[in-house]
Amino acid sequence: MAVRITSPAFKANARQALADAPLQTSMRNLEANFIGRRRAATERLPEFEALRDAARDIKDHTLAHLDLYLTAFEDKVVQAGGHVHWAATAEDARTIVLDICKRLGARTATKGKSMISEEIALNEHLEQNGVTPVETDLGEYIIQLRGEMPSHIIAPAVHLTREQVEADFRRVHTHLPKERNLDEAATMLAEARGILRERFLAADVGITGANFLIAETGTSVIVTNEGNGDLTQTLPKAHIVLASIEKVVPTLEDATTLLRVLARSATGQEQAVYTTFSTGPRRAADPDGPGEYHVVLLDNGRSRMLGTPFQPMLRCIRCGACFNHCPVYQRVGGHAYGWVYGGPMGAVLTPTLIGIHQAGHLPNASTFCGRCEEVCPMRIPLPKMMRHWRERQFEKSQMPLAERYALDAWAYFARRGWLYRPASRLGVALLRLLAFGRGRLRWLPFAGGWTSQRDLPAPAGTTFQAAWKQHVKARRRAAR
Amino acid sequence: MNSQTPAQPRVGLFVTCLVDLMRPRVGFAAAKLLEDAGCSVEVPRQTCCGQPAFNAGDRATARDLARQVIEAFEPYDYVVVPSGSCAGMMKTHYVELFDDAEWQARAGRFSARTFELTSFLVDVLKVERIQAIYEGTVTYHDGCAGLRELGIKDQPRKLLSHVVGLTLAEMADTEACCGFGGAFSVKYPEISAAIADRKTANIAATGAPMVVAGDLGCLMHIAGRMQREGRQVQARHVAEMLAGMGHEPAIGEPDRS
Ligand code: SF4
């Protein structure tokens with residue numbers, strides 16, 4: 001199935017986003033909220049930096065023995081009475097989920113937040129095959145109403161203002177009194193909960209993601225702040241966990257280490273409100289729980305990253321900190337990136353999943369300010385990996401021609417100092433002439449990329465190297 | 001001065017291509033500061049550190065330019081650079097460019113001797129006094145590479161605190177990127193400008209009539225954007241302020257030097 005990809009139009013998307021006033025308001029709120037909260041939470045924990053090292057090491061170790069831990073996980077799931085399905089591609093994963101739904105005669109499936117579900121475009125597939133997906137995370141619920149993709153991996157509707165959400169609720173929840181007050185986020189949450197309550201009870205299948213899979217016990221772990229995930233996975237006949245292969249960690253202890261950095265990096269909480277561990281289906285003595293427990297393990301290109309410079313990306317625990325701190329994401333929001341994953345992590349991961357030919361802009365649209373790497377709890381060298389993508393584009397001559405010519409021409413001179421010096425002297429003299437004695441240029445042919453947005457200072461008229469030569473000569477003369 | 005530092009350290013000044021072309025004054029300011037601190041300063045022939053090629057994915061060119069720089073600066077005790085961004089390239093990334101042992105070793109030795117200007121003055125030469133007077137308030141923008149690759153944060157502030165009469169008014173979110181990003185600024189001009197606008201607003205909010213930074217790239221971008229927005233805030237390189245050039249024409253002002 002075609003997934004809507006607009007990554008090739010990143011520039012146009014970004015331009016549109018910059019002109020979108022409500023979006024800009026929302027993005028400013030994101031910045032104001034997330035950054036300070038994360039900082040406060042990490043400053044409260046003296047061992048945070050050491051925890052980051054430990055977290056990185058856990059994932060590096062796991063990735064080095066990924067096959068081992070995945071099969072160990074599978075064994076434990078089976079021992080607990082559950083099923084593991086290996087999905088090499090997005091299509092395989094969709095088919096597996098739909099088959100389970102069909103076998104159970106499912107008409108509706110409730111869903112906890114899952115980025116893998118977005119990655120494999122599960123909702124469209126279920127709908128087309130007669131199963132109604134019901135998103136139960138408030139943010140996901142909102143974007144489902146709007147037919148949008150999430151704009152942030154942990155805050156899917158962060159691009160919307162309260163007013164926009166209110167308008168959507170009034171548009172869709174027409175059975176509720178028109179004059180009701182929806183001024184507070186809390187009342188909106190209550191309204192959504194009321195509607196979702198019936199859906200929870202009616203659902204045949206519950207689908208969630210997983211923050212971690214624990215090899216030692218065959219457990220899947222989800223972290224939420226609304227508790228919707230628990231209802232999603234305990235009430236229906238079957239619980240389906242969607243997880244990509246790099247979600248596995250060896251032990252419960254490891255998972256708790258990762259949970260400690262996850263919550264602080266994501267929302268600045270010490271711990272999320274709900275952290276739920278699920279192992280297998282309902283046992284005879286359990287008061288509740290699903291009759292069946294399935295884990296769909298998605299590869300979708302990830303195993304190809306092992307052993308490449310992109311392997312560290314598989315350490316990602318989807319905390320979203322790199323999004324919140326990225327100056328580009330802060331301005332253009334998640335939808336501009338044109339597919340499921342945005343921000344710095346998307347700039348690295350998306351090209352592996354949909355191809356660099358489609359996602360070519362993403363690793364280029366970065367100032368390399370390095371703030372993402374600075375805050376990434378898993379110490380993923382995001383800028384370095386974006387640069388790797390640029391190297392691949394350069395090698396494959398996938399760089400826009402004008403850029404390539406400019407780079408080659410510049411390199412020609414920069415490699416040849418004897419040519420560079422006279423050429424640069426000529427260049428700055430010319431620029432200075434063009435400035436007509438003013439200190440700066442408002443417009444310069446072939447430099448629209450610069451002068452469309454800012455003035456260009458006029459050079460002093462001679463290069464430093466030429467001036468320094470004179471300076472040294474004059475000094476010698478004076479000393480004589 | 002540090003015990004391992006030679007009596008008169010011989011410094012090779014790498015001014016950066018932007019300073020060479022656009023603002024020689026920064027190079028002279030850096031030379032003055034180094035000489036005042038007891039160094040002998042020389043300027044070997046130079047073009048560019050290679051960062052534009054490196055960040056465009058052209059490793060071969062970056063490697064050639066790195067070789068060129070390493071060779072030219074091998075005779076010196078230290079290599080000093082008035083830019084966190086270029087110094088970051090030279091100190092942290094050159095070593096990543098080479099596969100052969102010989103050049104890796106040369107790049108490693110080069111890295112150990114290479115410093116950003118304010119970091120060299122404070123961390124290596126332990127400079128405690130600066131002969132400069134400037135009556136006025138300035139705000140300081142932390143360039144990203146200097147800040148995150150080289151840990152430059154306190155050094156320029158410490159030096160500015162020695163300038164007689166100068167008051168530093170910190171802006172909000174001073175560690176946020178200004179949106180320059182080298183080629184990014186011309187490849188994605190609208191996003192670059194949108195990022196700058198937050199920075200320029202934070203600068204303006206301090207009420208300081210001048211912004212100072214350690215990177216000419218950021219400064220040209222910030223100054224150019226403020227001039228386009230009609231803001232009356234001057235921009236100068238930190239070396240200029242420390243060398244007592246705070247009254248000479250600011251970036252983008254008519255300059256008859
Ligand atoms: S790359 Fe790092 S900061 Fe970004 S989402 Fe993943 S773990 Fe979090």
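Order of the sequence lines fixes the chain letters, A, B, ..., with proteins taken first and strands second; residue numbering starts at 1 for each chain.
The distance from the CD atom of A:Glu374 to the CD atom of B:Glu149 is 11.5 Å, given to the nearest 0.5 Å. Taken from NZ in A:Lys11 to OH in B:Tyr188, the straight-line distance is 6.0 Å, to the nearest 0.5 Å. Rounding to the nearest 0.5 angstrom, the gap separating the CZ atom in B:Arg228 from the CG atom in A:Leu456 is 10.0 Å.
Remark: side-chain polar atoms of B:Asp58 are not paired, donor with acceptor, to backbone N or O of A:Phe394 under 3.5 angstrom.
In this structure, chain B has heavy atoms under 4.5 Å from both the backbone and the side chain of A:Gln453. Using a 4.5 Å cut-off between heavy atoms, A:Val328 contacts chain B through both its backbone and its side chain. Only the side chain of A:Glu403 comes within less than 4.5 Å of a heavy atom in chain B; its backbone stays farther off. Proximity to chain B is limited to the side chain of A:Glu31, based on heavy atoms less than 4.5 angstrom apart. When heavy atoms are compared at a cutoff of 4.5 Å, B:His93 approaches chain A solely by way of its side chain, counted from C-beta outward. Only the side chain of B:Leu65 has a heavy atom closer than 4.5 Å to any heavy atom of chain A. In this structure, chain B has a heavy atom under 4.5 Å from the side chain of A:Arg331, while its backbone stays farther away. Contacts between B:Ala145 and chain A at a heavy-atom distance below 4.5 Å are absent for every atom of the residue. Contact of A:Met386 with chain B is not made at all, since no heavy-atom distance falls under 4.5 Å. For A:Ala14, the part lying near chain B is the side chain, with the backbone staying farther off; criterion is any non-hydrogen pair under 4.5 Å. Residue B:Ala223: no heavy atom, backbone or side chain, is found under 4.5 Å from chain A. Residue B:Val43 touches chain A through both its backbone and its side chain, counting heavy-atom pairs closer than 4.5 Å. In this structure, the portions of A:Arg371 lying under 4.5 Å from any heavy atom of chain B include both its backbone and its side chain. Only the side chain of B:Asp173 comes within contact range of chain A, judged by heavy atoms closer than 4.5 Å. For B:Val69, no part sits under 4.5 Å from any heavy atom of chain A, backbone or side chain.
Most heavy-atom pairs under 4.5 Å with chain A, from the set B:His221, B:Glu96, B:Arg23, B:Glu42: that is B:His221. Your options are B:Arg225, B:Glu190, B:Glu175, and the one with the most heavy-atom pairs under 4.5 Å with chain A is B:Glu190. Listed options B:Val15, B:Val186, B:Leu147, B:Ile222 were ranked by heavy-atom pairs under 4.5 angstrom with chain A; first place goes to B:Val186. Top candidate by heavy-atom pairs under 4.5 Å with chain B, chosen from A:Arg404, A:His471, A:Arg28, is A:Arg28. Chain B forms the most heavy-atom pairs under 4.5 Å with one residue out of A:Gly439, A:Gly448, A:Ser452, and that residue is A:Gly439. Here B:Gly224 is the residue among B:Cys144, B:Ser85, B:Ala62, B:Gly224 with the most heavy-atom pairs under 4.5 Å with chain A. Counting heavy-atom pairs under 4.5 Å between each of A:Phe413, A:Phe10, A:Trp389 and chain B puts A:Phe10 at the top. In terms of non-hydrogen atom pairs under 4.5 Å with chain A, the most contact-rich of B:Met226, B:Gln68, B:Gln227, B:Met22 is B:Gln227. Ranked by non-hydrogen atom pairs under 4.5 Å with chain B, the options A:His361, A:Gln330, A:Glu395 are led by A:His361. Contact count against chain A (heavy-atom pairs under 4.5 Å) is highest for B:Arg198 among B:Gln46, B:Arg67, B:Arg198. The candidate from A:Gly370, A:Gly427, A:Pro383, A:Ser366 with the greatest count of non-hydrogen atom pairs under 4.5 Å with chain B is A:Ser366.
More than 12 heavy atoms of other residues, nucleotides or ligands shown are found within 6.0 angstrom of NZ on B:Lys187. Shown here is B:Glu253, whose CD atom has more than 12 heavy atoms of other residues, nucleotides or ligands within 6.0 Å. At most 12 heavy atoms of other shown residues, nucleotides or ligands fall within 6.0 angstrom of atom CZ in B:Arg45.
Closest of all the heavy-atom pairs between B:Leu21 and A:Pro459 is O-CB, 3.3 Å. Between B:Thr61 and A:Ala411, the shortest heavy-atom distance links the atoms CG2-CB, 3.5 Å. Summarising the geometry of A:Tyr420 relative to B:Cys17, their closest heavy-atom pair is OH-CB, 3.4 Å, with the distance given to 0.1 Å. Annotation for A:Pro457 and B:Met220: closest pair CG-CG, 3.7 Å, computed over non-hydrogen atoms. Counting all heavy atoms, side chain and backbone alike, A:Thr367 lies closest to B:Cys177 at OG1-SG, 3.2 Å. Between B:Cys48 and A:Trp410 the shortest heavy-atom distance is SG-CZ2, 3.3 Å.
Contact annotation: the side chain of B:Arg25 never approaches that of A:Phe464 to less than 4.5 Å [non-hydrogen atoms, C-beta and beyond]. Residues A:Trp450 and B:Pro189 form no side-chain contact, since every pair of their non-hydrogen atoms from C-beta on lies 4.5 Å or further apart.
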What's the verdict on salt bridge (charged side-chain N to carboxylate O under 4.0 Å, His left out) for A:Arg475 and B:Glu35, showing C-alpha distance, side-chain angles and the deciding distance?
CA-CA 14 Å; A:Arg475 227 195 232 179; B:Glu35 284 172 354; 2.8 Å; yes

Is there a side chain to side chain contact (heavy atoms under 4.5 Å, CB included) between B:Arg148 and A:Cys369 once you walk through the steps?
CA-CA 8 Å; B:Arg148 299 194 180 85; A:Cys369 77; 4.2 Å; yes

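Side-chain polar atoms of A:Arg390 and B:Asn55 form no donor-acceptor pair below 3.5 angstrom.
Under 4.0 Å is where a charged nitrogen must lie from a carboxylate oxygen, and between B:Glu229 and A:Arg454 no such pair does.
Ring to ring, B:Phe184 and A:Phe368 are not that close: their centroids are 6.0 angstrom or more apart.
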